[in-house]
Structure formats: C-alpha cells, structure tokens
Amino acid sequence: MPYIVKFKDKNPKIEVKILTDNTNILEQYELGLVDIIFTNMPAEIPNKCKFVKLITLHNCFAANENYKQYQGKKLKAVDLAKISLLLLNRGTINRARIEEYCSKKNIWVY
C-alpha cells in the first residue's frame with residue numbers, strides 16, 4: 001500500500017478506487033471503466049493493454065500449524081499432492097505456472 005499512498009499524495013486530484021474482485025477487471029479496462037490496473041500478470045494479455053513492470057513480487061506459501069513439518073523445506077510434487085492448496089484465480093500467470101507444474105507431475109488441480 002505505500003506505493004498507492006505515495007501516488008495519491010503526489011496526485012491528490014486523481015480519484016483512486018481499490019477493487020479486490022479482479023475477475024473482470026480487464027474487461028472493465030477495455031470498456032474504459034478503469035484507467036489503470038495494478039494486478040498479477042494475466043495469462044492472456046488483451047491487445048489494447050500495455051503492461052509496465054513496476055516491481056518484482058515473490059510467491060510464498062502460508063499455512064497454519066497443521067503444516068509446520070513443511071516449514072523451511074522445499075516441497076516436492078508428492079508433498080503437494082497430499083495437501084490442499086488455496087490458489088490465485090485462474091487467468092493469472094502464477095496460477096497457470098502452478099497448474100502447468102502440477103499437470104506435469106500428475107497432480108489434479110481444480
């Protein structure tokens with residue numbers, strides 16, 4: 001959020017709305033309802049969109065105490081197949097990469 005606060009401070013006349021449901025955000029952009037999008041890189045980039053990399057974000061896994069045995073370890077495909085994962089929405093690059101990896105390892109993702 002500090003990036004948004006700095007932007008708003010430098011540009012007080014620009015209205016900033018934060019939308020957390022990004023299921024149709026690209027369609028809203030294409031219709032002219034949204035001017036700027038800060039989002040995960042979509043798997044398919046519409047022709048009208050221009051993407052500019054601002055920062056590099058790293059993926060992480062978060063879990064409760066039931067999964068403490070995996071803390072600090074690199075998970076293998078066999079480990080992933082045993083646990084439930086809460087993944088990003090379909091249509092993002094990160095989700096596509098996880099699905100691709102799981103598919104190669106014969107792990108069902110739904």
Spatial distance of atom CG (Asn66) from atom CG (Asn64) [nearest 0.5 Å]: 4.5 Å
Point-to-point distance, once rounded to the nearest 0.5 Å, from CG of Asp79 to OH of Tyr70: 5.0 Å
Less than 3.5 Å apart, which donor and acceptor atoms pair up between the side chains of residues 97-107 and the rest of the protein, not counting sequence neighbours?
unit_1, atom_1, unit_2, atom_2, d
Glu99, OE2, Arg90, NE, 3.0
Glu99, OE2, Arg90, NH2, 3.3
Glu99, OE2, Arg95, NE, 2.8
Glu99, OE2, Arg95, NH2, 3.2
Glu100, OE2, Lys104, NZ, 3.3

NZ on Lys13 to CG on Asn11, rounded to 0.5 Å: 11.0 Å
Non-neighbouring partners of Val5 that pass side-chain contact (heavy atoms from CB on, under 4.5 Å), sequence neighbours left out: Asp9
side-chain contact (heavy atoms from CB on, under 4.5 Å) partners of Lys68, counting only residues at least two apart: Glu65, Gln71
Flag if over 12 foreign heavy atoms under 6.0 Å of CG, Leu86: no
